[in-house]
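Bear in mind that the values here come from a model prediction, so they are computed numbers and not experimental data. Both ligands and their constituent atoms are indexed starting at 1 by order of listing.
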Amino acid sequence: MTIWTLGSINIDHVYRLPHLPQPGETLAALDYSTGLGGKGANQSVAAARAGARVRLIGAIGPDGGQVLARLVALGVDCAAVARMQTATGHAIILLDAASENAIVIHPGANRAIAPQAAVAALDAAVPGDTLLLQNETSAQAETAEAAAIRGLRVVYSAAPFELAAVRAVLPHVTTLALNAVEAGQLTAALGCELSDLPVAEVLVTHGAEGADWHDLGAGRVIYQPAFAVSPVDTTGAGDTFAGYFAAARDQGFGPAAALRLAAGAAALKVTRAGAAEAIPARAEVEAFLE
Ligand code: ATP
């Protein structure tokens, strides 16, 4: 089957600094690099590295040629990525010596995706395919609704947390994926328990404490511990987990096996610096889990 992702594509600009700047301070960076990022790109790459067929619905500007080429090289079908005159989304990532970060995101083209174009891209989808989406684009609610009507499984990573977006998308969701902070924000904002949410499944990740998957209909919970590793960079751990989990389910894995594969992939990711480019391939994850 196919995993359709409606997702953000960013150019990450990463600056290593002696310390994070104070208001009014000017600092020379010790090091600078650029890379492919954005939650949509990360999750798309994770699903593709897991072996799924992935088609990304997104948008870039005139400056997006290089990140698009990287996505394609990492196995993501980008035929449904629109070219716009608006700048490609980008992130300014400041890292201090202890890898503490401060991040500014300019959504750019990611927030200029037209709902009609995103929905039209799903014309080629068939029942049983998956739509994977997050909150860094426009057009989430319309695309999720169209996907649900077409019989797709809708996996929604409600990050960054935004209540209006969550309310609009939630009625169309099969699997809601949250980190522990987002789970707290969501239940506090809606004034309910996770088990009251109107979705079939909830996946909650807890960083080095692992993850749990809830089948709300059956009242069943599966806990997956994290694998012990020495973390280097946790950026994209949640995206790696979500993309691998969606891909494994698409390939017919049950939830327990999908959780284990996703936890293995996310553990390997945190041992490597970078976002999309640092997501491990399926064979590496299987070797790690042996
Ligand atoms: P991010 O925003 O950095 O992408 P997140 O907050 O969405 O991450 P987390 O809950 O931090 O996601 O992590 C997702 C999964 O990644 C965890 O459930 C776990 O399997 C794995 N993971 C994260 N941190 C570690 C770690 N230090 N060691 C091993 N596995 C980890």
Side-chain angles (χ1 to χ4, degrees), residues 5 7-10 12 14 35-47 49-50 89 91 93-95 98-105 132-136 155-162 165-166 175-187 194 201-214 221-249 253 255-280 282 284-286 288-289:
T5 47
S8 53
I9 302 167
N10 284 347
D12 283 353
V14 184
L36 169 63
K39 297 189 74 63
N42 295 345
Q43 293 185 9
S44 299
V45 168
R49 300 286 269 164
I93 302 173
L94 309 181
L95 295 176
S99 289
E100 185 63 54
N101 63 34
I103 301 176
V104 177
I105 289 181
L132 177 59
L133 73 168
Q134 327 75 32
N135 277 341
E136 287 186 341
V155 181
Y156 177 40
S157 164
F161 179 75
E162 216 176 274
V166 175
T175 305
L176 178 64
L178 305 162
N179 68 19
V181 173
E182 292 148 7
Q185 289 172 317
L186 179 67
T187 50
L194 279 184
E201 303 176 359
V202 182
L203 176 64
V204 185
T205 60
H206 302 269
E209 306 297 314
D212 39 50
W213 174 87
H214 305 246
V221 181
I222 300 175
Y223 171 66
Q224 170 66 52
F227 293 96
V229 291
S230 299
V232 171
D233 178 1
T234 61
T235 314
D239 293 333
T240 302
F241 199 105
Y244 256 86
F245 185 79
R249 298 301 297 280
F253 280 50
L259 285 167
R260 185 166 183 274
L261 190 71
L268 273 181
K269 159 64 206 78
V270 305
T271 64
R272 301 172 185 178
E277 311 270 357
I279 297 171
R282 174 69 167 265
E284 296 174 276
V285 180
E286 281 172 358
F288 173 76
L289 292 174

Open item on the list: Can you confirm whether the side chains of T175 and E201 place a donor and an acceptor under 3.5 Å from each other?
Closed with: yes
Open item on the list: Please compare A208, A177, S157 and report which has the shortest non-hydrogen distance to atom 25 (C) of ligand 1.
Closed with: A208
Open item on the list: Quick one: does any side-chain atom of R260 pair with a main-chain N or O of L289 as donor and acceptor, under 3.5 Å?
Closed with: yes
Task: Enclosure of E286 CD (heavy-atom neighbours >12, cutoff 6.0 Å) - done: yes
Task: Any N/O pair K39/ligand 1 closer than 3.5 Å - done: no
Task: Atoms in ligand 1 with a heavy atom of G236 nearer than 4.0 Å - done: 3 (O), 4 (O)
Task: Polar contact flag for G207 and ligand 1 (N/O pairs, less than 3.5 Å) - done: yes
Task: atom 15 (C) of ligand 1: nearest protein contact (heavy atom, Å) - done: F241 CD1, 3.7 Å
Open item on the list: Checking a contact table here: which protein heavy atom is nearest atom 29 (C) of ligand 1, and how many Å away?
Closed with: F227 O, 3.1 Å
TODO: Determine whether the side chain, the backbone, both or neither of Q224 has a heavy atom under 4.0 Å from any heavy atom of ligand 1.
DONE: neither
Open item on the list: Quick check: T205 and ligand 1, any N/O pair under 3.5 Å apart?
Closed with: yes
TODO: Tell me which protein heavy atom sits closest to atom 21 (C) of ligand 1, plus the residue, atom name and distance to 0.1 Å.
DONE: A266 CB, 3.5 Å
TODO: Could you list which atoms of ligand 1 come closer than 4.0 Å to a heavy atom of G210?
DONE: 18 (O)
Open item on the list: At less than 4.0 angstrom from any non-hydrogen atom of A226, what atoms of ligand 1 do you find?
Closed with: 29 (C), 30 (N)
Open item on the list: Looking only at the side chains, is there a donor atom on one of N10 and S8 sitting less than 3.5 Å from an acceptor on the other?
Closed with: no
TODO: For atom 6 (O) of ligand 1, state which one of V232, T235, T240, N179 supplies the nearest heavy atom.
DONE: N179
Open item on the list: Using a 4.0 Å cut-off to any heavy atom of G238, which atoms of ligand 1 qualify?
Closed with: 1 (P), 4 (O), 5 (P), 7 (O), 8 (O), 12 (O), 14 (C)
Task: Nearest neighbour in protein (non-hydrogen) for atom 3 (O) of ligand 1 - done: T234 O, 2.9 Å
Open item on the list: Tell me the protein heavy atom at minimum distance from atom 28 (N) of ligand 1, and give that distance in Å.
Closed with: V229 CG2, 3.6 Å
